[in-house]
Amino acid sequence: MSYNPKEIEKKWQERWESAGLYKDYSRAKKFYALDMFPYPSGAGLHVGHPKGYIATDVVSRFKMLQGYSVLHPMGWDAFGLPAENYAIKNKVHPSVATEKNIATFKKQLEAFGFTYDWDREIDTTDPAYYKWTQWIFLKMFEKGLAYESNEPVNWCPSCKTVLSNEDLENGLCERCGTQVVQKRLRQWVLRMTDYAERLLADLDSPEINWEESIKEQQRNWIGRSEGTQFKMSVATNGGSTSIMEVEPPTLAEGNYIEFYTTRLDTVFGMTYAVVAPEHPILEKLKSQITNYKEVEDYLIASQNKTILERTELQKEKTGVKLEGIEVVNPFNNEAVPLFVADYVLGGYGTGAVMAVPAHDERDFEFAKKYDLPIVQSIAPLLLETQGNAAVREGLDFDRRKTVVVIVKHWFENKYFCLDWQKFGWKSFVIGGVEDGEMNEDAAIREVKEETGYQDIKSITKIGGNVHNCFFAAHKGLNRYADTECYLVELGSDQFIEPDFEEVKNHIGVWIEEEKLGDYLSIDLHKKYHSIFSGGESAYVEDGVLVNSGVYTDLKSAEAREKMTVWLEENRLGQKKVNFKMRDWIFSRQRYWGEPIPIVHCEKCGAVGVPEEQLPVRLPEVENYEPTGTGESPLATIADWVNTTCPKCGGPAKRETNTMPQWAGSSWYYLRYIDPKNDERLIDQQLEKDWMPVDLYVGGAEHATRHLLYARFWHKFLFDLGVVTTSEPFKKLMHVGLILAQDGRKMSKRWNNVINPDEVIEQFGADSMRLYEMFMGPFSQSIAWSTNGVVGTRKFLEKVWKLQTKVNNQYSTDNKKIQTLLHKTIKKVTGDIENFRFNTAISQLMILVNAFEKEYAKSATTKAHMRKEDYEKLLLILSPFAPHIAEELWQQLGHEQSIFLEKWPVAENQYLKDEEIEMVVQVNGKVRERLIVAIDVTEDEVKETALESEKVKVFTEGKEIKKVIFVPEKLINIVI
RNA sequence: GCCUUGGUGGCGGAAUUGGUAUACGCGCUAGUCUUAGGAACUAGUUCUCGCAAGGGAUUGGGAGUUCGAGUCUCCCCCAAGGCACCA
């Protein structure tokens, strides 16, 4: 009988389902395997969708065989725009199309033979389900986590709805690619930022075992920063230092602006300050801003910019100076100009920043454009740790002001360097600045003294102030040098022989410019001394404070601490943590979503619908078309909208916005555990039994939306006492895409979509399952290859044919085969646990090839396979190819399903080979391979190896310096 | 620009702690069978020199540590994904 997958697959799918094979939830050990449930689109599945489902199915069957009760459910995330758009076009209720699509999806999935328990099927559009979605919202409303807001929000003019920050892709609507505009609309918002700290911190908790890349994406998205929020008073009279002599400054009541910075240590370098166009101060101080017309024009212009224009293009920065007002730096009482500029974001921090062009790239750019002063307040701190100049421990530092002078030849492109031969280092001309001496004078003096050249044509300061710690070998002490750098050009060869004392430690050498880099390490000079020269860039790293009053010489971190303390003491500011993540804009102006269970009463305001009245059902409607006015289509149904206030009984109107698509998926994994419960969201005991989800598999594109939202809701439910774990998903694996054969994404547009039904029709579900797991590392995107399926089909054919070789009567105990079999059991077990399905399958292929060679193709017709060996092969193959494994299992005479058996265990006694191939290397190169007993001694191998002709060629007449012996692996002869 | 993950044959990709690089599969080449095409089977297949025996090179590039480096250290290049004026 030949292998006919079409026949056996259908047969077993029916038998498994009718026997309820997967529904034994009584075992002591439990395992919850979860897939991200699909949106049932009209297009049906393509071959990429099932990849993750196959993986969870492999793990589910594997865990069943290991004696677990496995919960492996499936459902539908069915609210969403495509169904609604289809409804608008075809004038049918979205639920009709949804129902049809679900049927198609289900049929397609069933062909794979998955272990889903369809009794637990979930549909987010089912009122019995969304009742609880609404219930969670109500609880949030009760706890003050759901609130109404009138802030400007992202509006997609094409989808005619509001979008959350998470729904944007580079400022465009993630769904339709339309440019989003800012619109002021009343919205329901969830206070997700209240959970930001926990959402971030718990990423590192042992309850989460996720791929680093996804955790990192969430960390980026949450975007925590620690800084200082402080007040600067507004001076309206063009205030200057002389007037503001009070220390600490007193703040006129209400006449100040709050600023946020993470770099308070740079505050003495502040040369201006900026507020965002949305900042309320502009309206408040309107009368004092003498150029308000100009400011107003700017505000209008920036309001008309899209998000894309304002942020993504990183256009040249623009801004307008607010004439007539200034702000006062509390640390030195200096007044600096205040600008409005849209490179400062209104929604983050306080919407106002201090600007330190010397130490912030954006401020630097702006300062260059508007010709604002650039003042250094941080000096880089260099610490020599390597070579002869490395700082010596235990020695005190001798602090000096020094200059580094780069001396250029009078006509050649060469520079003067010093070779400190005795101490083994090289440098430019360096020297100390004497008391009362100007740095520039010191530089000129050093050039004359040390080089002997007298004709100084020009001298230019390059870069800023740099602090440098090193060991000064010629003085025998650690030096802390406060350095500035000068470039000196010589005018001629005018020369006076230098004093011997000046030059006894070094000799001078002219080095060509292009060879300078090889001669001495100029990287540091380049990196640090040129910081402010020619205006290339700002120095944004930490360092040592300079020009900073009493804080001068402190290191950045310490300065931030002390300066913040000073602000606190004077009630001018405090530490502040900010997050990039915003609250979740939770309402949509569309039809096909969960109604928000709120009633608006003129007297009582927004009132929650009483729990016993849930669910608030979606009403029938004539027209699904969004209105575009910011009202949902529900607003037109007077019968539904007009209701009574649950609190006072007076007239009230229902909330007409609906929830976003992400609502239903934020908690669905809980409902699978207890899908039919009318009383509670989930039974408490069942929740304890099954949560958290042991394995969650899905696409990486959900890293910052679904996975963040679900964690947020879960933590809320945890605080509510509904769940007992603080994190929902223990292990998360992300599934790599399957690309089309041409390497592009599968899409109708390219006409390169592979339909799984056809693949199953041609090769069978087992071949397809096997191929998708064999393609490569699970998380990686890989192109589909139909030829690859041919390969896995051939492999299954081999397995099928092997059944004819089972015969215990004639079988012999074959040590080699036993070893390979047990090694394979061990590898497959470990690989499934670690999601390395591709190598598990390759090992299965190796085993089957060996069986085939040993039994099917053996010259002796009496070579037969032991039944128990074949059974073990079927068992470890069964999670990947369940139908063929079950069929062969029962053909062997078993009456019970293979999935009620026990997973085989690799026995140690079989895992070691008796003989191994030992590699003989000469100087690390392989020259010979010897078959030796596994416990062979070094001396035995050495003797045999040295007698080998192949080895002799290389060792003859040479002295053997050393022999390295690695038991069971190799011997290396070093000559 | 920043973060994350990667870079190994014609292709997808293997390679415990540093210890035989290229497992397994696809493709390709030759042969057997076949009216033919295909399928199946057998043998070969990293590159290179060589009739062969055999030699040499090789894991993005360069340096280093080591008896020995795909694996460890430093520098650089490239690709994919994420974030992006967050002060």
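Every chain is numbered from 1 and lettered A, B, ... according to where its sequence line falls, protein lines coming before strand lines. For clarity, every value in this text was computed on a predicted model and none was experimentally measured.
Surrounding NZ of A:Lys950 are at most 12 heavy atoms belonging to other residues, nucleotides or ligands under 6.0 Å away.
Rounded to whole Å, the C1' atom of B:rG56 lies 43 Å from the corresponding atom of B:rC3. Comparing the same atom, C1', in B:rA57 and in B:rC74 gives a spacing of 26 Å after rounding to whole Å. B:rU29 and B:rG81: their C1' atoms are spaced 39 Å apart (whole Å). On the P atoms, B:rG10 is 16 Å away from B:rU58, given to the nearest whole Å. Taking atom P on both B:rG13 and B:rC2, the two are 28 Å apart, rounded to the nearest angstrom. Nucleotides B:rC33 and B:rA15 place their C1' atoms 39 Å apart, quoted to the nearest Å. With both ends at atom P, the span from B:rA84 to B:rU46 equals 47 Å, rounded to whole Å. Spacing of C1' atoms, B:rU20 relative to B:rG25, comes out at 22 Å, to the nearest Å.
Side chain of A:Val926, nearest nucleotide from B:rU20, B:rA40, B:rC85: B:rU20. Between B:rA14, B:rC83, B:rA87, one nucleotide has an atom nearer to the side chain of A:Trp221 than all others, and that is B:rC83. With B:rC83, B:rG12, B:rA23 as the choices, the nucleotide that has an atom nearest any side-chain atom of A:Ile782 turns out to be B:rG12. With B:rA23, B:rC85, B:rG13 as the choices, the nucleotide that has an atom nearest any side-chain atom of A:Gln780 turns out to be B:rG13. Nearest nucleotide to the side chain of A:Lys969, out of B:rG82, B:rG19, B:rG56: B:rG19. In the set B:rU20, B:rA14, B:rG25, the nucleotide with an atom closest to the side chain of A:Leu970 is B:rU20. For A:Thr261, counting side-chain heavy atoms from C-beta on, the closest listed nucleotide (B:rG13, B:rA87, B:rG25) is B:rA87.
Straight-line distance from the CG atom of A:Leu345 to the P atom of B:rA87: 10 Å, rounded to whole Å.
Nucleotide B:rU5 has B:rA79 as its partner under the Watson-Crick or G-U criteria, with both atom distances under 3.5 Å. With a 3.5 Å ceiling on both atom-pair distances, the Watson-Crick or G-U wobble partner of B:rG25 is B:rC11.
Counting non-hydrogen atoms under 4.0 angstrom, A:Gln921 reaches a base of the nucleic acid. At a threshold of 4.0 angstrom between heavy atoms, the contacts of A:Val353 include nucleobase atoms, whether or not backbone atoms are also involved. Within the nucleic acid shown, A:Ile964 comes within 4.0 Å of at least one base atom, counting heavy atoms only.
Looking at A:Glu211, its side chain has no donor and acceptor atom pair within 3.5 Å of the base of B:rU5. Contact annotation: side chain of A:Asn787 to base of B:rC26, donor-acceptor pair absent below 3.5 Å. A:Lys580 contributes no side-chain N or O that forms a donor-acceptor pair with the base of B:rC83 under 3.5 Å.
In this model, the phosphate group of B:rA87 is not approached by any side-chain N or O of A:Asn578 to a distance below 4.0 Å at OP1 or OP2. A close approach under 4.0 Å does not occur between any side-chain nitrogen or oxygen of A:Tyr771 and OP1 or OP2 of B:rG25. Put simply, A:Arg927 has a side-chain N or O that comes within less than 4.0 Å of OP1 or OP2 on B:rG56. Note on A:Thr839: every side-chain N or O is 4.0 Å or more away from OP1 and OP2 of B:rA23. Between A:Asn849 and B:rG25 there is a side-chain N or O to OP1 or OP2 distance below 4.0 Å. In this structure, A:Lys823 does not reach the B:rA23 phosphate: none of its side-chain N or O atoms is under 4.0 Å from OP1 or OP2. Side-chain nitrogen and oxygen atoms of A:Asn923 include none within less than 4.0 Å of the OP1 or OP2 phosphate oxygen of B:rC67.
Judged by the 6.0 Å distance and 45° axis criteria, A:Lys805 is not positioned over the aromatic ring of A:Phe851.
Salt-bridge annotation for A:Lys368 and A:Asp363: absent, with no side-chain N of the basic residue lying under 4.0 Å from a carboxylate O of the acidic one. The residues A:Glu797 and A:Arg793 are annotated as salt-bridged, a charged nitrogen and a carboxylate oxygen being separated by less than 4.0 angstrom.
Relative orientation of the A:Phe366 and A:Tyr370 rings is tilted, given thresholds of 30° and 60° on the angle between their planes. Below 30°, between 30° and 60°, or above 60°: for A:Trp800 and A:Tyr3 the angle between ring planes is between 30° and 60°, a tilted geometry.
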**Report entry** Verdict with reasoning, A:Gln741 to A:Thr786, per side chain to side chain donor-acceptor pair (under 3.5 Å)
**Finding:** CA-CA 8 Å; A:Gln741 311 224 44; A:Thr786 299; 3.2 Å; yes
